[in-house]
There are 2 protein chains.
Amino acid sequence: MARTSGSRASETGPRIRAAALRLFARQGYAAVSMRQIAAEVGLQVGALYNHTPDKQSLLCDLMETHMTDLLAACAAQDWPQDPARALEGFVRFHIRFHAARPDAVFMAYMELRNLAPENFERIEALRNAYENRLEVILSQGVACGQFGLSDVRIGTRAVIAMLTGLTTWFRPEGGKTLDEIEEVYVTLVAQAVRV
Amino acid sequence: MARTSGSRASETGPRIRAAALRLFARQGYAAVSMRQIAAEVGLQVGALYNHTPDKQSLLCDLMETHMTDLLAACAAQDWPQDPARALEGFVRFHIRFHAARPDAVFMAYMELRNLAPENFERIEALRNAYENRLEVILSQGVACGQFGLSDVRIGTRAVIAMLTGLTTWFRPEGGKTLDEIEEVYVTLVAQAVRV
DNA sequence: GTCTATAGATGGATAGAC
DNA sequence: GTCTATCCATCTATAGAC
């Protein structure tokens, strides 16, 4: 209560996580040291351990936060009954959500193998829950004859890979706006699965 | 000439590279130690340095070998004049080549950021040369009115991402054979780009 | 809650004997 | 060409002063 020293103490945790996210995404979990994270935040190494039990927990927290944010945002969307319209909505939602947080997406994709086994299982379950949203849409479209997909499971993975791949090359300063790219993807996906 | 000691000395280099490839793909470059690689081959650490100047060169060699193999195989294909048939050929070629070497593909994709800058540039150029093969096919299809793609550059990247994503989940022991999966992808891609 | 200091382990890479 | 032994840097995590 005596000190007001610049910022609330409770903001240090989030700042550490933000720095770790940046660094993990750019250099990879194994290549980033706790010292580097501390320096990025303006702390000494020891101080980090007031905010996380260890490096692995830091990674796991970031991954879990990203996945639960994704699932929450996905659930908050309103999903049209019509499969074709739902699919279009999914493509737009996925692109916008992922393009808005490239670091988290990149990390979530690349660092799965650096999770301890029990952490991996939990994160993997969250990921499957998300992909299931798309799989249900494709199934419904096939069931009612709107989509001509010969294998829903493969189609789901193909579409997810195509959409997520966008974040590996999209740069806001590039020639195309995100809106323009979104339109191209909407068309590509819609045509790919139609009868 | 005196010793025949089990195997030719000249096979040690390839065995080191094979072990490094396996480990880099499974755990990531930064997470793998030279001691681990040596143990996998049945050597002590110091002996590795008779076959590679350092760890970075080992990674770079593996990446470059993979990319030049890919380009050579791609050039050896015979490519139909007709864009639709060429596109089908590309999909089949890409899937087969990549499914046959999942470790190399995974490493080539994940470890780009661990290359020293000058190495990165060289590998990136090789990658662009490969993607250009697809871009040319799509351009020709658009030019002659067979494809309805609204942006060739985006389409190229979307298709590559979709195809390469296959290697992150395909397992030979899974329910589908590679041939079956290949057919699904051929259809998905052909439909995605048609007018 | 952050600091300094350090423990204890492990990393890449080298030297010299064989 | 491989071994043993080692240098030296760096790493994660902890201890204790403030």
Side-chain angles (χ1 to χ4, degrees), chain A residues 1-24 26-63 111 113-117 119, chain B residues 1-24 26-63 107 111 113-119:
Chain A
M1 209 182 268
R3 294 275 176 81
T4 54
S5 74
S7 64
R8 292 213 309 278
S10 60
E11 285 174 3
T12 304
R15 290 181 57 222
I16 289 171
R17 282 188 285 278
L21 174 58
R22 260 183 70 95
L23 291 169
F24 289 165
R26 282 165 174 65
Q27 309 180 29
Y29 173 75
V32 172
S33 71
M34 293 297 268
R35 279 177 176 78
Q36 229 179 321
I37 298 170
E40 187 96 347
V41 184
L43 293 175
Q44 294 301 315
V45 209
L48 294 182
Y49 293 88
N50 291 319
H51 302 274
T52 181
D54 52 31
K55 193 185 174 189
Q56 170 72 207
S57 302
L58 195 48
L59 174 64
C60 187
D61 275 359
L62 291 170
M63 302 271 278
E111 304 301 347
R113 63 184 169 188
N114 285 311
L115 288 173
N119 294 335
Chain B
M1 209 183 267
R3 293 275 177 81
T4 55
S5 75
S7 64
R8 291 213 310 277
S10 60
E11 284 175 2
T12 304
R15 290 181 59 222
I16 289 171
R17 282 188 285 278
L21 175 58
R22 258 183 71 93
L23 291 169
F24 288 165
R26 282 165 176 66
Q27 309 180 31
Y29 173 75
V32 173
S33 70
M34 293 298 270
R35 281 174 175 79
Q36 222 180 327
I37 297 171
E40 187 96 346
V41 184
L43 292 174
Q44 295 300 316
V45 209
L48 295 182
Y49 293 88
N50 290 319
H51 302 274
T52 181
D54 53 31
K55 193 184 174 190
Q56 169 72 206
S57 301
L58 196 46
L59 174 64
C60 187
D61 275 359
L62 291 170
M63 301 272 278
M107 184 200 61
E111 304 301 347
R113 63 183 169 189
N114 285 311
L115 287 173
E118 67 277 16
N119 294 335

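It should be emphasised that the depicted structure is a prediction, and the values quoted were computed from it without experimental measurement.
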Rounded to the nearest angstrom, tell me the gap between atom CG in A:Asp54 and atom P in D:dA13. 5 Å
I need the CG-P distance between A:Leu48 and D:dT12, as an integer number of Å. 10 Å
Could you check how far CD of A:Gln56 sits from P of D:dT12, rounded to whole Å? 13 Å
Separation of A:Ile37 atom CD1 from D:dT12 atom C1', in whole Å? 11 Å
Whole angstroms only, please: what is the CD-P distance between B:Gln36 and C:dA13? 15 Å
Check the pair A:Gln36, A:Gln27 against side-chain contact (heavy atoms from CB on, under 4.5 Å), reporting the backbone distance first and the verdict last. CA-CA 11 Å; A:Gln36 229 179 321; A:Gln27 309 180 29; 2.9 Å; yes
Interatomic distance where OH belongs to A:Tyr49 and C1' belongs to D:dC11 [whole Å]: 9 Å
Does B:Ser33 offer a backbone N or O that forms a donor-acceptor pair with the side chain of B:Lys55 under 3.5 Å? no
Which value, rounded to the nearest 0.5 Å, describes the distance between B:Leu58 atom CG and B:Met34 atom CE? 6.0 Å
What N/O pairs connect the protein and nucleotides 3-7 of chain D at under 3.5 Å? Give each pair on its own line.
{"from": "D:dC3", "atom 1": "OP2", "to": "B:Gln44", "atom 2": "N", "distance (Å)": "2.7"}

I need the minimum non-hydrogen distance between A:Ala47 and A:His51, along with the two atoms involved. O-CD2, 3.4 Å
Across the strands shown, which category fits B:Val41 at heavy-atom distances under 4.0 angstrom: base, sugar-phosphate, nothing? nothing
Distance check: side-chain N/O of B:Ser33 vs OP1/OP2 of C:dG11, anything under 4.0 Å? yes
Whole angstrom value for the distance that separates P of C:dT10 from NZ of A:Lys55: 15 Å
Checking A:Arg35 side chain against A:Val45 main chain: does a donor-acceptor pair fall under 3.5 Å? no
Counting N and O atoms only, with roles assigned by atom type, does the side chain of B:Glu40 sit under 3.5 Å from a partner on the main chain of B:Ala19, one being a donor and the other an acceptor? no
From CE of A:Met34 across to P of D:dT14 the rounded distance in Å is 10 Å
